[in-house]
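Some notes on the structure that comes next.
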Amino acid sequence: MTQFWLVKSEPEAFSWDQQVENGVEPWTGVRNHGAKLNLKAMKLGDRAFFYHSNTGKEIVGVVEVVREAYPDPTAEKGDWVSVDMKAVAPMPQPVTLAAIKADPSLAELALVRQSRLSVMPVSPAHWQQLCEMGKWKT
DNA sequence: GCCAACGTTGGC
DNA sequence: GCCAACGTTGGC
C-alpha cells in the first residue's frame, strides 16, 4: 500500500529546482532518529511532498521513492540511511505553511506539531486535502 | 539514570 | 536577530 510523506529541505542547501534538474536524487544527511525511522519505512512508489523550510515555507512539489533505505554515504559514523527520490511534478499552486496553519483540519499534521522533524508521515486524508489546496492534478 | 547546559532547527 | 522546541552531551 502506498504511503505518503513530507520531506523538508532548506532551498539554500538543496532546492526543488535542483531536484527537478537532477531527476533522481539521493536524500541524504538526515541525522535525527525519528526522521530515520520514517525513511526506513518508505517503500518503492511512496510519494512525498517536497517542502522548502526557512526560505519559502511552502510545499513546492511531489517526489516519489525510487530506492528504499540504504546506508547514507554521507554519514561518517552511525547507521544513518538515505532513500532515492525522483521528482514527479511541481505543485501547480504551492501550499504555504501559513495556509496550512490557518486550516484547523490540518492542525494534527506533524509539520505543525513538530516543526523540527525533517521527514514525517502524512495521512491519506491530509494528503488529499493538501493536494486539493495545491491544485494537484492526479 | 537524572538533569542542567548547550547546540541546532526553523518560524517569526 | 530572537526565541521556542527539542535533541545531545556531560557531570554527578
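Chain A is the first sequence line, chain B the second, and so forth, proteins listed ahead of strands; every chain is numbered from 1. Atom set for the values below is all heavy atoms of this structure, side chains included, hydrogens, waters and symmetry mates excluded.
Residue A:Glu12 contributes atom CD, which lies 14 Å from atom C1' of B:dG11 at whole-angstrom precision. In this structure, A:Leu117 atom CG and B:dG11 atom P are separated by 12 Å, rounded to whole Å. Protein atom CZ of A:Arg116 is 9 Å distant from nucleotide atom P of C:dT8, rounded to whole Å. For A:Asn32 and C:dA5, the CG to P distance is 17 Å, given to the nearest whole Å. Between the CD1 atom of A:Ile100 and the P atom of B:dC12 there is a distance of 11 Å, given to the nearest Å. In this structure, the NE2 atom of A:His33 is 16 Å from the P atom of B:dT8, given to the nearest Å. Here B:dT9 presents its P atom at 7 Å from CD of A:Glu10, a figure rounded to the nearest Å. One interatomic measurement links the two molecules: CD1 of A:Ile59 to P of B:dG11, which rounds to 12 Å at whole-angstrom precision.
Using a 4.0 Å cut-off, no side-chain N or O of A:Lys57 falls inside it from OP1 or OP2 of B:dG10. Contact check, A:Tyr51 against B:dT9: no side-chain N or O comes under 4.0 Å of OP1 or OP2.
In the model, A:Asp84 has no side-chain atom that pairs as donor or acceptor with a side-chain atom of A:Trp27 under 3.5 Å.
Taking the charged nitrogens against the carboxylate oxygens, A:Lys36 and A:Asp72 have no contact shorter than 4.0 Å, which rules out a salt bridge.
The closest side-chain heavy-atom distance from A:Ile100 to A:Leu130 is below 4.5 Å. Using a 4.5 Å heavy-atom cutoff, the side chains of A:Trp16 and A:Val63 are in contact.
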